[in-house]
Protein chains: 2
Amino acid sequence: MDNITSLFKKNGLSITDGRKKILSYFLNSEGALTHADVEKNAGEHFDRVTVYRTLQTFVDKGIIHQIPTTDNSILYALCKDDCGAGHHHDDHVHFICEECEKTICLDGVMVPQVKLPRGFKPRHSEMVVKGICDDCK
Amino acid sequence: MDNITSLFKKNGLSITDGRKKILSYFLNSEGALTHADVEKNAGEHFDRVTVYRTLQTFVDKGIIHQIPTTDNSILYALCKDDCGAGHHHDDHVHFICEECEKTICLDGVMVPQVKLPRGFKPRHSEMVVKGICDDCK
DNA sequence: CGAATACTTGCAGCATTGTTGCAAAAGTAC
DNA sequence: GTACTTTTGCAACAATGCTGCAAGTATTCG
Ligand SMILES: [Mn+2]
Ligand SMILES: [Mn+2]
Ligand SMILES: [Zn+2]
Ligand SMILES: [Zn+2]
C-alpha cells in the first residue's frame, strides 16, 4: 500500500483513479497549481466538475492548502505540515516569482506575528511575497 | 473644485459622472469593496464593463489598490498613501473579519520583512490577517 | 461660445469559470 | 458476489470577465 493510498484511507476517502492521478500530479510538481493546471495536466481528461470537487475535498481533508492571489484565481499546494480535516497549520510564507511565475511554499519561513490595533483578534495570517526566485536570479 | 475632481485632473482623467459616483462610493464605505459591490451600490446602474474599466483605471492611477483573497474575488480599497500611476506604496496589513466579513486596511500596520532563503529577492509583500474585528469582538 | 478632437460608455456577443441535480459508474463492506 | 455507499460525468445554468464598435460626453482650442 503506497503513500497515496494510505493517505486517502486515513482520511476516509475512497481510492479512485482520479484522486490518485491528481494527487500524484501535485507530488510531482514543484510549485503551486491552479484548477486549470490540474484540469489540463493531471494525466488524463477529468471533468471540470470533478476537478473542482476533488480540490475541495483535498482542502477539506488537509491534504492541500489554498494560496490567495490578486487575480481571481486560487493556487493550491500540498500541505507539508501536520494538517488534517478541520485544522490546517500552513503558516508559512508563499513566494511568487515574477520571472518564471512559479509559486513556491517557503516551508521554512513562518508568517511573522504583527501587533494589531486594540480590539482586533487574529486567528490566521497569510503572507505572500513577490519577487525573483533563486532559479531566475 | 472638490477633492474628487482635482484627483481626476491630477491623473489626467476626464471627469465623468460614473467615475465620480464610484469614487464617492469608496470614500463613503468603511471596508474594501468587490466589483459586485460597486455594480450594485454605486448609486445608479452602471454597465458591468464600465465598472471593470473604471476599477482598472483607478488601480492604474494609484487611486485604489487590490487585496488578494482566497475565494476567486478581488477586493479593492482606497489608497491612503502616496500612490500614483505606476507606483503603489500600500504596504499595510489587511484584516478580514470572520464575523462581519468586512475587510479593513490597517493603514498603521506595516507588512513586516521576513528573512527569505538564499537567492530569493523580494520586491513586494502582502499580508492578510483573518480574525475578529474591533466592532464584532 | 461652437466645432473639432479625444475619451468614455453601453451594448452585443463571446469565453471562461463556478455550481447544482441526477443517473450511471466505481469503490467498499459484508 | 451482492448490497450499499461514494464518486463521477453530463447537462443545464449562473456568474464573471473580456473585446469591438458605435453612440454619447468631456475636453480643447479657435
Ligand atoms: Mn504553502
Ligand atoms: Mn489597503
Ligand atoms: Zn522564478
Ligand atoms: Zn467584524
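Computed from heavy atoms alone, side chains included, the values below leave out hydrogens, waters and symmetry copies. We name chains A, B, ... by the order of the sequence lines, and we start the count at 1 in each one.
- A/Phe46 and A/Tyr52 have their aromatic ring centers separated by at least 6.0 angstrom.
- Mapping B/Gly18 and B/Asn72 onto DNA chain C by nearest heavy atom places B/Gly18 closer to the 5' end of the strand.
- One interatomic measurement links the two molecules: NZ of A/Lys21 to P of D/dT8, which rounds to 12 Å at whole-angstrom precision.
- Under the 4.5 Å side-chain contact rule for hydrophobic residues, B/Val111 and B/Val128 do not share a cluster.
- For B/Lys121, the side-chain contact (heavy atoms from CB on, under 4.5 Å) test picks out A/Ile132, A/Lys137, with sequence neighbours left out.
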Step-by-step side-chain contact (heavy atoms from CB on, under 4.5 Å) determination, A/Leu13 to A/Lys61: CA-CA 9 Å; A/Leu13 294 174; A/Lys61 297 297 185 180; 3.8 Å; yes
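- Counting to the nearest Å, the P atom of C/dT28 and the CZ atom of A/Phe8 are 11 Å from each other.
- Whole-Å rounding puts the B/Asp71 CG to C/dT19 P distance at 10 Å.
- Within the 4.5 Å cutoff, the side chain of A/Tyr76 has heavy atoms near those of the A/Gln66 side chain.
- Here the CD1 atom belonging to B/Ile64 is positioned 7.5 Å from the SG atom belonging to B/Cys79, to the nearest 0.5 angstrom.
- We find that CD of B/Glu39 is positioned 14 Å from P of C/dT9, with the value rounded to whole Å.
- In this entry the distance linking CD1 of A/Ile4 with P of C/dG27 reads 15 Å, nearest Å.
- As a whole-Å value, the separation of B/Gln66 CD from D/dG17 P is 11 Å.
- Close placement of the B/His65 and B/His92 rings is indicated, their centers lying within 6.0 Å of each other.
- In the hydrophobic cluster analysis, where Ile, Leu, Val, Met, Phe, Trp and Tyr join through side-chain heavy atoms closer than 4.5 angstrom, A/Ile67 is grouped apart from A/Phe95.
- In this structure, CG of B/Asn11 is placed 16 Å from C1' of C/dT8, rounded to the nearest angstrom.
- Within residues 44-58 of chain A, the residues that place at least one heavy atom under 4.0 Å from DNA chain C are, in residue-number order, A/Arg48, A/Val49, A/Tyr52, A/Arg53.
- The side-chain heavy atoms of B/His94 and B/Cys105, taken from C-beta on, include a pair separated by under 4.5 Å.
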Atom pairs under 3.5 Å: protein N/O with N/O of nucleotides 22-30 of chain D:
{"residue": "D/dT27", "atom": "OP1", "partner": "B/Ile15", "partner atom": "N", "Å": "3.0"}

